[in-house]
Amino acid sequence: MKAKFSSKIGIVAATVGSAVGLGNVWRFPAEVQENGGAAFLLVYIACVFLLGIPVMLSEFSLGREGGADAVGTFRKLSPGRPWWLTGLLGVLASYMILCFYMVVAGWTFEYMIQSVTGNLYAPVDGMDAAGGFTTRMQQYIEGDIAPLIYTFIMIALNLAILLGGVQKGIERISNVLMPILFLLLVIFCCVSLSLPGASGGLKYFFSPDFSKITPTVIINALGQAFFSLSLGMGVLITYASYFPSSAKLTKTAFTVSVLDLLVALMMGIIIFPAVVSFGLEGESLRGLTLVFVTLPEVFNRMELTELWSALFFFTLSVAAITSTISIAEVSVAFFQDRFKMSRVKACLSVLLPTVLFSTMCSMSLSSDSSLTIGGKTLFDFLDMVATNIMLPVGSLLMCIYAGWVAPRSLMIRQFTNDGTLRGHLSGFIMFCIKYVAPPAIIAIFVTTFL
Ligand code: PFF
């Protein structure tokens with residue numbers, strides 16, 4: 001019998017678990033900082049509501065109707081037609097993301113352990129720890145063995161959870177970890193807001209300068225929204241195939257998107273006031289190093305340095321793990337459904353090769369590595385191709401399928417649980433799926449690449 005999530009809470013916890021991840025805690029603040037602060041935030045919020053929720057509902061509806069993995073769903077809904085390739089694109093994109101995401105997940109774990117042992121805050125190369133965090137990050141990330149070991153630990157944890165299956169693995173761990181994650185984030189918000197001069201950071205994050213909205217800012221916001229909501233790569237099709245028939249899709253999509261946005265906002269509220277309060281804006285706000293360099297500098301200036309730091313990187317590790325299991329589950333479900341593999345075999349077939357590919361991604365980051373493609377490290381190449389190209393293309397195809405190919409009655413039936421719910425938003429959602437999302441994704445693509 002097809003595995004299902006067993007409760008409403010489990011559905012939301014698992015799906016929020018997938019959505020809330022390094023995308024929110026690591027990528028989002030960096031994107032805000034690189035794309036003009038609050039102006040980016042506004043565009044991001046618009047993308048979540050106008051494009052993210054409709055695409056999420058498309059995936060939910062197709063997944064629950066098909067009741068199979070991403071490829072199998074399209075095969076079932078459109079037999080004999082090439083739409084299954086959309087599912088395959090999702091499987092491939094998610095696997096590419098898995099390989100580099102696992103490496104970053106390893107860093108978060110490494111930072112947690114190094115905070116507990118106090119090593120992160122010990123002097124570096126004769127220097128005081130303060131100011132040495134860039135060096136430290138380079139040591140941790142470009143090191144030969146340590147980053148690999150932590151990445152392997154993350155892969156092993158994923159394996160352990162995924163072997164437990166849908167209910168006893170994914171659902172159970174999400175039910176436990178997600179409340180902890182929210183609680184820790186609330187504590188961090190309070191700590192950050194109580195720092196002297198916190199309001200400067202809030203102003204940066206919340207008062208937009210509209211002149212900063214450019215096409216690049218818009219495409220980045222769209223890419224970030226889709227990445228953060230786990231869209232366009234079959235994760236939500238796969239998870240929705242585990243939704244029972246009583247699950248309310250519209251409500252779930254709305255709840256998940258709002259909670260995901262809330263976490264992104266909380267991260268902004270945590271990071272920017274802290275950075276401003278300690279005078280680390282400007283040079284120290286360096287994109288993706290924000291979390292691994294700037295925040296340790298912040299913790300270093302606070303009381304109870306190691307405790308806050310360990311708790312923070314624990315939070316990040318939790319966020320990472322509930323996302324990696326969802327990314328890996330796309331391929332696990334694909335192997336199970338397509339090749340009729342047992343769960344154990346499918347999990348091993350997905351995660352064992354990840355050991356090799358993640359190792360290559362990690363090694364590509366060291367300065368003398370030859371693992372580059374077109375001048376980019378393998379790590380950056382996978383991120384760029386999967387996140388900026390495959391993910392929007394996958395989302396576009398899913399929207400076109402849900403809006404123009406699948407019968408409207410199928411979609412409405414899914415939104416309203418066979419007519420038992422009122423579904424007064426159905427018309428508006430279908431309008432967004434058909435007429436708003438596809439042109440918006442195409443327009444943004446064209447502006448960026450032409
Ligand atoms: N949504 C996750 C995050 O924000 O970190 C990342 C992610 C999960 C991306 C699943 C894509 C995906 F299919």
Side-chain angles (χ1 to χ4, degrees), residues 13-32 44 47-48 52-53 55-56 58-60 63 69-70 86-108 154 158 162 170 174 177-178 181 185 220-241 253 256-268 288 291 315-334 350 354 382-395 398:
T15 317
V16 173
S18 168
V20 170
L22 297 173
N24 306 59
V25 291
W26 171 61
R27 223 170 172 277
F28 177 79
E31 292 279 317
V32 168
Y44 178 77
C47 287
V48 168
I53 295 182
V55 178
M56 184 178 282
S58 306
E59 287 203 40
F60 279 175
D69 68 292
T86 306
L88 192 63
L89 183 76
V91 175
L92 285 177
S94 62
Y95 197 77
M96 285 163 68
I97 291 193
L98 185 66
C99 295
F100 74 81
Y101 199 99
M102 221 37 124
V103 176
V104 189
W107 300 342
T108 63
M154 275 309 203
N158 271 268
L162 287 169
I170 299 175
S174 309
L177 292 182
M178 291 322 284
L181 178 105
L185 286 172
N220 288 340
L222 182 76
Q224 173 62 22
F226 280 18
F227 186 88
S228 187
L229 294 172
S230 304
L231 300 176
M233 51 193 61
V235 167
L236 299 180
I237 293 188
T238 309
Y239 269 22
S241 74
V256 169
S257 306
V258 168
L259 288 176
D260 185 69
L261 177 61
L262 192 68
V263 172
L265 291 175
M266 286 201 278
M267 273 315 288
L288 296 178
V291 161
T315 312
L316 253 61
S317 305
V318 167
I321 218 157
T322 50
S323 295
T324 45
I325 52 176
S326 76
I327 309 177
E329 180 66 17
V330 178
S331 305
V332 171
F334 171 67
V350 172
T354 312
L382 290 182
D383 186 6
M384 201 267 294
V385 174
T387 311
N388 293 352
I389 301 176
M390 292 168 87
L391 200 146
V393 170
S395 305
M398 283 177 199

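First listed ligand is number 1; within each ligand, the first listed atom is number 1.
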Checklist entry - Is there a side-chain contact between N158 and M102 (heavy atoms, below 4.5 Å)? => result yes

Next on the checklist: If I take atom CG from residue L229 and atom CG from residue L261, how far apart are they, to the nearest 0.5 angstrom?
Outcome noted: 8.5 Å

Next on the checklist: With a 4.5 Å cut-off on side-chain heavy atoms, are T322 and V20 touching?
Outcome noted: no

Item to check | Every residue of the protein that comes under 4.0 Å of ligand 1, judged on heavy atoms | outcome: S18, A19, G21, L22, G23, N24, Y101, F227, S228, S230, M233, V235, S323, S326, I327

Item to check | Worked check of side-chain contact (heavy atoms from CB on, under 4.5 Å) between E329 and S94 | outcome: CA-CA 9 Å; E329 180 66 17; S94 62; over 6 Å; no

Checklist entry - Would you call the rings of Y101 and F227 parallel, tilted or perpendicular, where under 30° means parallel and over 60° means perpendicular? => result tilted

Next on the checklist: Using the rule side-chain contact (heavy atoms from CB on, under 4.5 Å), only one of L92, T238, T354, V91 pairs with S331; which is it?
Outcome noted: V91

